Student: 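Handing you a structure now.
No experiment lies behind these values; they were computed from the predicted model shown. Just so we're on the same page: letters track the sequence lines, and every chain starts at 1. All values below were derived from every heavy atom in this structure, side-chain atoms included, with hydrogens, water molecules and symmetry-related copies excluded.
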Protein chains: 2
Amino acid sequence: MAANASHRDDNLLEDIQTRLETLNKSERKVAEAILRDPSAATRYSIAALARAANVSEPTVNRFCRGFSATGFPDFKIRLAQSIATGTPYVGQNIEPDDTTAEFSDKIMLSTIANLDKARQALNPQAIAHVIDYLIQAKQISFFGMGGSASVAMDAQHKFFRFNIPVSSYDDALMQRMIAAGAGVGDAIVLISYTGRTREVVDIAQLARANGATVIGITNPDSPLAEACTAVLGVTAPEDTEVYMPMSSRIIHLTVIDILATGVTLKRGPDFLEHLKKIKESLKATRFPLN
Amino acid sequence: MAANASHRDDNLLEDIQTRLETLNKSERKVAEAILRDPSAATRYSIAALARAANVSEPTVNRFCRGFSATGFPDFKIRLAQSIATGTPYVGQNIEPDDTTAEFSDKIMLSTIANLDKARQALNPQAIAHVIDYLIQAKQISFFGMGGSASVAMDAQHKFFRFNIPVSSYDDALMQRMIAAGAGVGDAIVLISYTGRTREVVDIAQLARANGATVIGITNPDSPLAEACTAVLGVTAPEDTEVYMPMSSRIIHLTVIDILATGVTLKRGPDFLEHLKKIKESLKATRFPLN
DNA sequence: CAGCCATGTCGTAACTTTACCCAAATAATG
DNA sequence: CATTATTTGGGTAAAGTTACGACATGGCTG
């Protein structure tokens with residue numbers, strides 16, 4: 001896992017994109033040639049790329065060095081990895097005249113990219129702590145409003161399989177009532193994209209004052225994060241683009257998956273039998289596979 | 001977008017792993033040398049790799065050709081992509097004694113891998129059709145049961161912003177009632193992981209018999225898929241592993257994102273104003289940024 | 001108009017690939 | 001069963017590419 005971590009964080013293509021402005025004339029030509037068709041660039045020789053960019057070979061070489069590669073071949077390897085990480089459309093927004101194939105791909109890729117960013121930002125220690133809290137809880141409530149309501153509901157559905165009492169609420173009043181009645185031994189998981197919704201922060205403070213364990217799946221530097229016993233930070237991807245959907249829901253869901261898996265693992269092997277029974281119980285409702 | 005699709009599906013590292021048995025003595029030495037440290041292999045020259053594997057340079061070259069590369073440099077590029085595509089753990093299941101960091105990473109990576117598979121399998125034409133159906137609909141209902149209930153709910157939340165009447169149901173009886181009362185001009189979107197739940201198939205047939213447009217987001221070869229007017233196939237990733245969560249929900253959600261975006265785009269620029277207003281309306285509920 | 005930075009030309013070194021050859025293993029035949 | 005074809009696996013060496021460094025030139029700035 002650590003082995004290739006070093007290559008992970010430097011998304012070369014993104015770098016090229018952002019540094020485009022700061023480059024001088026001929027290096028920009030190289031950058032543009034690469035961005036025009038990044039995957040083709042990985043197949044070019046230095047001579048071919050030089051020709052495509054209308055510059056000389058050493059210029060290409062210097063360009064590569066500028067991006068802290070030891071030379072052109074090294075640069076190509078890094079570029080190849082960067083492409084595979086899935087960013088032909090890095091930063092490229094959805095345009096009104098995109099074809100269905102284009103915007104579909106952009107959405108998929110940006111979702112993937114965001115998940116990967118979240119993966120890198122993951123804090124295993126914090127996750128381990130939250131799992132411990134959840135295991136100790138006598139009762140768990142998942143709260144989410146607006147777009148996070150469905151995440152809370154999904155969490156309930158997943159945690160339902162452990163035999164702790166679990167509920168989810170998308171209604172502010174219900175949430176407030178639960179928070180008011182909560183106490184030591186109760187865990188409340190608050191899911192919020194921004195972590196800035198007043199109502200949600202209020203509820204967190206109320207529950208915590210009553211002695212409940214309050215867990216936030218939210219933006220790490222937000223009022224909500226401060227109000228929680230433990231926080232799983234999901235740095236919100238920028239929401240500047242009109243058409244781009246929020247991928248935060250999807251990251252939140254994946255975090256829920258991780259928590260549920262963590263709880264399952266801690267429960268030990270005898271618990272697996274219980275899970276299998278639940279799975280079996282669904283078979284009767286289905287058409288058999290041929 | 002199509003440009004790099006060709007390289008996408010061939011996971012070289014996996015290939016090497018599986019074909020290891022079928023290789024002859026010295027080619028196996030090469031394979032082993034690569035597998036010993038794949039990311040280091042991308043930095044080797046052909047001579048260095050030959051030395052590491054105790055074979056001659058042409059042997060390495062022949063090995064590369066065996067994996068349908070045009071030569072060693074091409075092979076290295078493909079290897080680099082294969083590593084970046086994120087296969088430290090792909091295929092590797094979660095083990096009971098995994099650390100938090102390990103299983104978290106595995107879940108993230110497998111989710112990403114599944115999303116990428118879905119991306120490749122995407123059928124833009126089918127998506128375009130479904131978008132057309134949704135735009136023409138006078139009313140849209142999203143149906144999902146069990147784990148898909150939250151997906152349906154999320155879809156409702158997203159489509160709510162377009163000013164068509166939208167609802168979502170996770171209750172079989174309600175779904176049946178809606179299906180019974182549906183008619184031409186109504187669109188019903190059924191979300192199901194397996195596509196084999198009897199109840200869901202029934203409902204699809206009922207709604208369709210009444211003239212409603214029935215859209216399935218489900219497994220393409222399933223009874224449900226056959227009962228629908230249009231299907232967005234999401235080939236279900238294998239569900240063999242006990243600990244691994246189903247990533248199908250996440251794929252379904254992303255498909256919902258794509259549909260919602262498609263509808264937004266078709267609605268044209270004046271509609272963006274409407275969306276902005278909705279966004280603005282939420283500001284009052286939040287703590288300001290600083 | 002002097003100096004410096006940006007860019008290109010050319011030659012060389014490193015690397016990859018091809019062509020050729022030998023050895024071992026396998027199959028075939030007397 | 002032995003001996004000889006034949007195929008397969010793999011290495012050596014030379015030819016062909018590709019990339020890199022040193023140096024030269026041209027354009028821009030002060």
Side-chain angles (χ1 to χ4, degrees), chain A residues 7 12-13 15-16 19-83, chain B residues 7 12 15-16 18-83:
Chain A
H7 285 276
L12 191 50
L13 260 181
D15 262 30
I16 297 174
R19 282 183 47 191
L20 199 77
E21 306 305 317
T22 70
L23 295 172
N24 57 40
K25 204 164 25 145
S26 50
E27 296 199 330
R28 186 176 306 189
K29 279 200 248 172
V30 179
E32 280 161 0
I34 292 169
L35 291 174
R36 210 174 300 139
D37 188 350
S39 77
T42 61
R43 294 188 297 273
Y44 285 167
S45 73
I46 193 170
L49 181 56
R51 203 158 355 97
N54 269 312
V55 295
S56 71
E57 298 173 23
T59 300
V60 174
N61 209 317
R62 283 186 281 261
F63 172 86
C64 297
R65 289 237 167 73
F67 287 86
S68 56
T70 65
F72 181 70
D74 181 45
F75 179 86
K76 268 204 309 196
I77 297 284
R78 303 246 312 269
L79 184 64
Q81 285 177 328
S82 163
I83 288 171
Chain B
H7 283 277
L12 190 51
D15 262 30
I16 296 174
T18 49
R19 283 183 46 191
L20 198 78
E21 306 305 318
T22 71
L23 294 172
N24 57 41
K25 203 163 29 140
S26 49
E27 294 198 332
R28 187 176 306 190
K29 279 200 248 173
V30 179
E32 279 162 1
I34 292 169
L35 292 173
R36 211 173 300 139
D37 188 350
S39 75
T42 61
R43 294 187 296 271
Y44 284 168
S45 74
I46 193 169
L49 181 56
R51 199 154 3 92
N54 269 312
V55 295
S56 71
E57 298 170 22
T59 300
V60 175
N61 206 310
R62 283 188 282 262
F63 173 86
C64 297
R65 288 235 167 73
F67 286 86
S68 56
T70 65
F72 181 70
D74 181 45
F75 179 87
K76 268 204 309 196
I77 296 285
R78 303 247 311 270
L79 184 65
Q81 284 178 328
S82 163
I83 289 171

Student: Within 45° of the six-membered ring axis of A:Phe67 and under 6.0 Å from that ring's centre, is NZ or CZ of A:Arg19 located there?
Tutor: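 Yes.
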
Student: D:dG9 C1' sits how many Å from B:Arg28 CZ, rounded?
Tutor: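 Value for this atom pair: 14 Å.
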
Student: Taking only the side-chain nitrogens and oxygens of A:Ser45, find out if one of them lies under 4.0 Å from OP1 or OP2 of D:dT17.
Tutor: no

Student: Please list, in 5' to 3' order, the outermost nucleotides of DNA chain C lying under 4.0 Å from any heavy atom of chain A.
Tutor: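 Boundary nucleotides touching chain A, in 5' to 3' order, are C:dT7 to C:dT9.
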
Student: Ignoring hydrogens and angles, answer whether the base of D:dG21 and the side-chain atoms of A:Arg62 contain a donor-acceptor pair closer than 3.5 Å.
Tutor: no

Student: A:Phe72 CZ to D:dA19 P: how many Å, rounded?
Tutor: 5 Å

Student: Can you check the A:Phe63 CZ to D:dG21 P distance for me, whole Å?
Tutor: 17 Å

Student: With a non-hydrogen cut-off below 4.0 angstrom, is A:Val55 in contact with a base, only sugar-phosphate, or nothing?
Tutor: sugar-phosphate

Student: With a 4.0 Å cut-off on heavy atoms, is A:Glu57 in touch with a base, just the backbone sugar-phosphate, or nothing at all?
Tutor: base

Student: Should B:Arg43 and A:Ile77 count as side-chain neighbours, where that means a heavy-atom distance under 4.5 Å?
Tutor: no

Student: Ring-plane angle category for A:Phe72 and A:Phe75, please: parallel below 30°, perpendicular beyond 60°, tilted otherwise.
Tutor: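 The arrangement is parallel - the two ring planes meet at less than 30°.
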
Student: Taking all non-hydrogen atoms of both residues, which atom of B:Asp15 and which atom of B:Thr18 are closest, and how far apart?
Tutor: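 Looking at all heavy atoms of both residues, the closest pair is O-OG1, 2.9 Å.
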
Student: At under 4.0 Å, does any side-chain N or O of A:Asn61 touch on OP1 or OP2 of D:dC20?
Tutor: yes

Student: Would you say that A:Cys64 contacts A:Arg78 through its side chain, given a criterion of any heavy-atom pair below 4.5 Å between the two side chains?
Tutor: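 A:Cys64 does not reach A:Arg78 side chain to side chain.
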
Student: Are side-chain heavy atoms of A:Ser26 and A:Arg62 found at a separation under 4.5 Å?
Tutor: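 Heavy-atom side-chain distance check fails, nothing below 4.5 Å.
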
Student: Using whole Å, report how far CD1 of B:Ile46 lies from P of D:dT18.
Tutor: 14 Å

Student: Please find the pair of heavy atoms, one from A:Leu79 and one from A:Ala41, that lie closest to each other, and give the distance.
Tutor: CD2-CB, 3.8 Å

Student: Between A:Asn24 (CG) and D:dG26 (P), how many Å, whole number?
Tutor: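 Whole-Å distance recorded here is 20 Å.
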
Student: From C-beta outward on B:Ser56, which listed nucleotide comes closest to its side chain: D:dG11, D:dA19, D:dG10?
Tutor: D:dG11

Student: Whole angstrom is fine here: how far is it from CZ in A:Arg51 over to P in D:dA19?
Tutor: 12 Å

